[in-house]
K.L.:
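The structure that follows is given in the form of structure tokens.
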Amino acid sequence: MWSKIRKYIDKYKLLKTNELYIVALSGGADSVALLLLLHEAGYHIEAAHCNFHLRGEESKRDEMFCEQLCREHNIPFHRAHFDTQTYAELHKMSIEMAARELRYKWFEQLRNDLGAAGVCVAHHRDDSVETVLLNLVRGTGLRGLCGIQPRSGYVLRPLLCVSRTEIEAFLTERGQKYVTDSTNLVADVQRNKVRLQVLPLLKTLNPAVAENIQRTAENLMTAQAALDTVLLHNKNHNILNLSDYNDCASREYIVYEWAKTFGFNGSHIRQILEAETGKIITSTSDYDMLRDRDRLLVEPSLKPLKPLRIPEEGTYVFGENKTFVVKRQSAFISKTADLATVDADKVVFPLTVRRVKEGDWMIPYGLKGRKLLSDLMTDRKMSVFEKRRQLVVVDAQGIVVWLAGLRVDTRVAVDNATSVVLVLHFEGIC
């Protein structure tokens, strides 16, 4: 069995002989085998035991067993006691989740304190198979079918290549005792039901079912790693070019993995991929996704924006830490997008700054006829996101003086007779 484990450790580069590792020791068969195997292989290890005080005398028995085992083999022993029930109630979570959170928080603290390279936990092949089946029942993507990973940050799992039966046989052969958690023998939670009922039934169909499922999971792990390389290019980006993945059989999954960080789920992805350009889907975490031709764009959901009234020249706070400046100046023509100059004598105060409304129109400078602002923005191939953020400055006559950053109206434009201009300038345009 050690030969198989050593090859697995080498394959996934889990351990180094010159580093310190913490072994999570519960006293059960799996963790006892892990402790002894790593110790006898010459790895520098220390043991860590959690007492969750959930099983009365049995919890105390487990702690005493682990302490004695480490003493016999001269392995440094660390322990922590938790009021798991109170923690679960305080944080409104299940006992199982509370124990898991407490355990891994302490492991990480201990790892930092000791300067350890990692925390070795005793998940084995059957645990991974159970995880695959549970994820399949609940509904999952490719990542969920990969089972338990050999490495999750600093958490290392050297025993994923061997079964519970192999572990128990190893301990029996050497006459090594271990403790049994009685709660694992009762089919009262989902994982126990899979372990005690579902897997034995599947083994009647094929005795090698666990081995086959784990092999499939490892194959899928390789596929997931390839996809992760693709997704790394788009990490934290709010634009995904669908055309880059037209020849990819797993395009929908790539979109899902990219979009889930913004709170989108599988049903959202199907909606957006089946939608025509211009369709917007909102996630549960207040992000919007837009289908814009062959692109998907994500941005925070648009918040309402109260129109800003400008009664006279000055600097006005607008939106979140943005300002709008209005001032008179000797005539000149602006050549930058975020600043406009219009004839001061042709503009009537008060001005209003707001977002574009349906039906807004102007006579763009250089043209003779009126044109809808929506058409002007479409001509510039602006996305729906850009259109809905677009600002306008409207004067008291209802003239759209400036389509911010784009065009001024010819009726207020600077001409040869202009002596004074009104400068309109957004700082941090939204």
Side-chain angles (χ1 to χ4, degrees), residues 1-2 4-54 59 62-63 65-71 73-82 84 87 93 95-128 130-131 143 146-162 164 167 170-171 178-179 181 184 191 221:
M1 186 173 77
W2 172 244
K4 185 188 296 187
I5 294 170
R6 187 181 66 246
K7 289 178 181 178
Y8 189 80
I9 290 172
D10 292 342
K11 178 180 180 180
Y12 291 103
K13 298 178 174 60
L14 296 181
L15 305 174
K16 297 179 181 179
T17 55
N18 60 341
E19 297 279 8
L20 169 64
Y21 297 94
I22 296 168
V23 175
L25 181 64
S26 68
D30 314 329
S31 65
V32 169
L34 176 62
L35 183 83
L36 297 180
L37 285 164
L38 296 185
H39 179 62
E40 292 170 6
Y43 289 102
H44 184 196
I45 62 171
E46 298 188 15
H49 176 79
C50 299
N51 188 331
F52 297 107
H53 291 277
L54 294 172
S59 292
D62 294 354
E63 180 182 337
F65 172 84
C66 292
E67 182 180 19
Q68 180 60 31
L69 179 67
C70 290
R71 185 182 296 116
H73 293 277
N74 198 29
I75 298 172
F77 179 69
H78 307 270
R79 77 190 91 197
H81 292 252
F82 301 107
T84 314
Y87 186 89
M93 60 176 61
I95 290 292
E96 292 78 14
M97 286 302 298
R100 184 182 190 282
E101 189 168 296
L102 289 167
R103 176 168 62 249
Y104 282 106
K105 279 184 177 179
W106 179 58
F107 286 162
E108 180 59 13
Q109 179 184 335
L110 185 62
R111 187 191 68 79
N112 284 319
D113 291 344
L114 297 177
V119 178
C120 299
V121 295
H123 291 121
H124 50 73
R125 187 185 71 197
D126 296 353
D127 292 322
S128 184
E130 291 164 13
T131 297
R143 195 179 300 277
C146 294
I148 300 176
Q149 304 296 298
R151 177 192 295 272
S152 300
Y154 290 105
V155 177
L156 313 172
R157 302 181 177 93
L159 298 188
L160 282 178
C161 59
V162 295
R164 169 81 180 191
I167 290 171
F170 163 76
L171 295 175
Y178 54 89
V179 296
D181 182 344
N184 289 335
R191 183 172 290 275
M221 198 187 306

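Below, all heavy atoms of this structure are taken into account, side chains as well, without hydrogens, waters or symmetry copies.
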K.L.:
Any side-chain heavy atom of V23 within less than 4.5 Å of one from E46?
P.N.:
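They are not in contact (no side-chain heavy atoms under 4.5 Å apart), so the answer is no.
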K.L.:
Between F170 and V162, is there a side-chain heavy-atom distance shorter than 4.5 Å?
P.N.:
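No. Closest side-chain heavy atoms not under 4.5 Å.
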K.L.:
Taking side chain to side chain donor-acceptor pair (under 3.5 Å) as the cut-off, I'd like each qualifying pair that reaches into residues 33-44, sequence neighbours left out, listed once.
P.N.:
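Side chain to side chain donor-acceptor pair (under 3.5 Å) check on residues 33-44 returns E40-R174.
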K.L.:
List the atom pairs, donor and acceptor, that lie under 3.5 Å between side-chain atoms in residues 96-120 and the rest of the protein, sequence neighbours left out.
P.N.:
unit_1: E101; atom_1: OE2; unit_2: Y87; atom_2: OH; d: 2.3
unit_1: E101; atom_1: OE2; unit_2: K105; atom_2: NZ; d: 3.4
unit_1: K105; atom_1: NZ; unit_2: Y87; atom_2: OH; d: 3.3
unit_1: E108; atom_1: OE1; unit_2: R111; atom_2: NE; d: 3.0
unit_1: E108; atom_1: OE2; unit_2: R111; atom_2: NH2; d: 2.8
unit_1: E108; atom_1: OE2; unit_2: N112; atom_2: ND2; d: 3.4
unit_1: R111; atom_1: NH1; unit_2: A116; atom_2: O; d: 3.2
unit_1: N112; atom_1: ND2; unit_2: E108; atom_2: O; d: 3.2

K.L.:
Compare all side-chain heavy atoms of R151 with those of V155 and state whether any distance is below 4.5 angstrom.
P.N.:
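A side-chain contact under 4.5 Å is absent here.
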K.L.:
Between H81 and H53, does a side-chain hydrogen bond (donor to acceptor under 3.5 Å, both in side chains) hold up when you go through it step by step?
P.N.:
CA-CA 7 Å; H81 292 252; H53 291 277; 2.8 Å; yes
K.L.:
Excluding sequence neighbours, so at least two apart, what forms salt bridge (charged side-chain N to carboxylate O under 4.0 Å, His left out) with K7?
P.N.:
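With sequence neighbours excluded, K7 shows a salt bridge (charged side-chain N to carboxylate O under 4.0 Å, His left out) to no residue whatsoever.
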K.L.:
Tell me whether R157 contacts the main-chain N or O of Q149 through its side chain, where contact means a donor paired with an acceptor under 3.5 Å.
P.N.:
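Here the side-chain-to-backbone pair exists.
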K.L.:
Can you name the salt bridge (charged side-chain N to carboxylate O under 4.0 Å, His left out) partners of R79, sequence neighbours left out?
P.N.:
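Result, salt bridge (charged side-chain N to carboxylate O under 4.0 Å, His left out) vs R79: E63, E67.
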K.L.:
Do any side-chain atoms of residues 24-36 form donor-acceptor pairs under 3.5 angstrom with protein atoms, and if so which ones, sequence neighbours left out?
P.N.:
unit_1: S26; atom_1: OG; unit_2: G28; atom_2: N; d: 3.1
unit_1: S26; atom_1: OG; unit_2: S31; atom_2: OG; d: 3.2
unit_1: D30; atom_1: OD1; unit_2: R164; atom_2: NH1; d: 3.0
unit_1: D30; atom_1: OD2; unit_2: H124; atom_2: NE2; d: 3.3
unit_1: D30; atom_1: OD2; unit_2: R164; atom_2: NH1; d: 3.3
unit_1: S31; atom_1: OG; unit_2: S26; atom_2: N; d: 3.1
unit_1: S31; atom_1: OG; unit_2: G27; atom_2: N; d: 3.2
unit_1: S31; atom_1: OG; unit_2: G28; atom_2: O; d: 3.3

K.L.:
Heavy atoms, side chains only, cut-off 4.5 Å: are H49 and F77 in contact?
P.N.:
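With C-beta onward as the side chain, the pair touches.
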K.L.:
If you look only at pairs with a residue in residues 11-23, which of them pass as a side chain to side chain donor-acceptor pair (under 3.5 Å), with sequence neighbours excluded?
P.N.:
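Non-adjacent pairs meeting side chain to side chain donor-acceptor pair (under 3.5 Å): zero.
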